[in-house]
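Remember, predicted model here, so these are calculated numbers, not experimental data.
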Amino acid sequence: MQRLTVQAILCLCNSASLLTIQKFMKPEFENIPLVKAGKRFEIEIDGHFAFIDYREMGHQIALVHTETDPELAGTGAATAVVEKTLAYIEENGKKLLPFCPYVFAYIKKHPEWKRIVDERFEGYNKL
């Protein structure tokens with residue numbers, strides 16, 4: 001996949017339909033790998049972490065809590081870990097349960113990601 005800058009447009013072919021996705025991740029986070037460690041997805045920046053706690057149940061991944069180390073506050077690291085995690089979920093054919101309020105708000109603000117939310121999720125119609 002080609003790396004894009006903030007506000008760049010990426011066209012993906014998904015189930016025979018062309019989708020346009022706008023990335024909001026700051027360029028300095030694009031090459032930082034997402035790590036699936038234990039029960040969390042994380043990225044590391046200069047020894048500090050941004051992470052999302054999750055639970056995996058079959059074809060669903062529930063995102064339950066997003067956090068960054070205080071040193072990363074206001075840097076965009078939380079947005080980066082969310083975007084990378086959502087991309088991971090989609091690339092692996094999973095369905096999302098966005099229980100984390102930060103992830104829920106992110107998807108509400110960026111409704112193109114609603115396509116990976118499980119339609120049976122209780123708050124689906126509020127996204």
Side-chain angles (χ1 to χ4, degrees):
M1 182 184 295
Q2 181 183 6
R3 300 282 181 199
L4 300 174
T5 60
V6 175
Q7 313 243 341
I9 303 299
L10 169 65
C11 292
L12 295 174
C13 187
N14 183 9
S15 302
S17 65
L18 194 60
L19 300 171
T20 302
I21 300 170
Q22 189 170 10
K23 294 189 75 170
F24 295 90
M25 185 184 326
K26 291 182 177 180
E28 58 264 34
F29 296 116
E30 290 180 359
N31 293 320
I32 296 174
L34 180 70
V35 176
K36 190 176 176 186
K39 296 287 185 187
R40 72 185 205 179
F41 293 101
E42 64 184 30
I43 59 174
E44 181 180 359
I45 301 100
D46 298 326
H48 304 289
F49 292 89
F51 63 89
I52 302 177
D53 290 328
Y54 76 94
R55 303 295 175 265
E56 192 164 357
M57 295 108 20
H59 74 284
Q60 298 173 317
I61 294 182
L63 301 181
V64 295
H65 176 72
T66 302
E67 188 174 329
T68 64
D69 286 344
E71 295 83 359
L72 297 175
T75 66
T79 295
V81 76
V82 168
E83 284 188 9
K84 289 174 181 284
T85 300
L86 297 179
Y88 172 91
I89 291 169
E90 183 169 52
E91 289 166 7
N92 286 277
K94 303 286 186 176
K95 284 295 184 177
L96 170 64
L97 301 172
F99 292 110
C100 170
Y102 186 85
V103 174
F104 187 92
Y106 183 89
I107 294 169
K108 192 170 184 171
K109 187 175 180 181
H110 307 285
E112 65 272 15
W113 283 109
K114 188 174 178 180
R115 70 184 179 276
I116 68 169
V117 176
D118 193 315
E119 293 177 4
R120 295 171 291 182
F121 175 67
E122 186 176 322
Y124 184 85
N125 291 327
K126 296 178 182 177
L127 290 169

Interatomic distance, Ile107 atom CD1 to Leu127 atom CG [nearest 0.5 angstrom]: 6.0 Å

Interatomic spacing from CD in Glu42 to CD in Glu67 - rounded to 0.5 Å: 12.0 Å

Spatial distance of atom CG (Leu97) from atom CD (Glu56) [nearest 0.5 Å]: 11.0 Å

Interatomic distance, Leu96 atom CG to Leu63 atom CG [nearest 0.5 angstrom]: 5.0 Å

Separation of Lys84 NZ from Phe29 CZ (nearest 0.5 Å): 9.5 Å

Contact summary for Val81 and Leu34, nearest pair of heavy atoms: CG2-CD1, 4.0 Å

Which atom of Ile43 lies closest to which atom of Ala80, heavy atoms considered: CD1-CB, 3.9 Å

Polar contact flag, side-chain donor to acceptor under 3.5 angstrom, Tyr106-Glu83: yes

Mutual orientation of the aromatic rings belonging to Phe121 and Phe99 [parallel < 30°, tilted 30-60°, perpendicular > 60°]: perpendicular

Side chain to side chain contact (heavy atoms under 4.5 Å, CB included) between Thr68 and Thr75, intermediate numbers included: CA-CA 10 Å; Thr68 64; Thr75 66; over 6 Å; no

Gap separating the CD atom of Glu90 from the CD1 atom of Ile116, nearest 0.5 angstrom: 6.0 Å

Derivation and outcome, side chain to side chain contact (heavy atoms under 4.5 Å, CB included), residues Asp53 and Arg40: CA-CA 4 Å; Asp53 290 328; Arg40 72 185 205 179; 3.6 Å; yes

Asp118 to His59 - nearest heavy-atom pair and separation: OD2-NE2, 3.8 Å

Closest contact, heavy atoms only, Ala62 versus Met57: CB-CE, 4.0 Å

Same apolar cluster (I L V M F W Y, side chains within < 4.5 Å links), Ile61/Val35: no

Candidate pair Glu71 and Asp46, rule side chain to side chain contact (heavy atoms under 4.5 Å, CB included), full reasoning: CA-CA 10 Å; Glu71 295 83 359; Asp46 298 326; over 6 Å; no

Heavy-atom pair with the smallest gap, counting every atom of Val64 and Cys100: C-CB, 3.6 Å

Side chain to side chain contact (heavy atoms under 4.5 Å, CB included) evaluation trace for Lys114 with Tyr124: CA-CA 8 Å; Lys114 188 174 178 180; Tyr124 184 85; 3.3 Å; yes

ring-ring contact (aromatic ring centres under 6.0 Å, His included), paired with Phe41, selected from Phe51, Phe49, Tyr88: Tyr88

Closest approach of Ala77 to Ile45 (non-hydrogen atoms, all atoms of both residues): CB-CD1, 4.3 Å

Atom CG of Asn92: over 12 foreign heavy atoms under 6.0 Å: yes

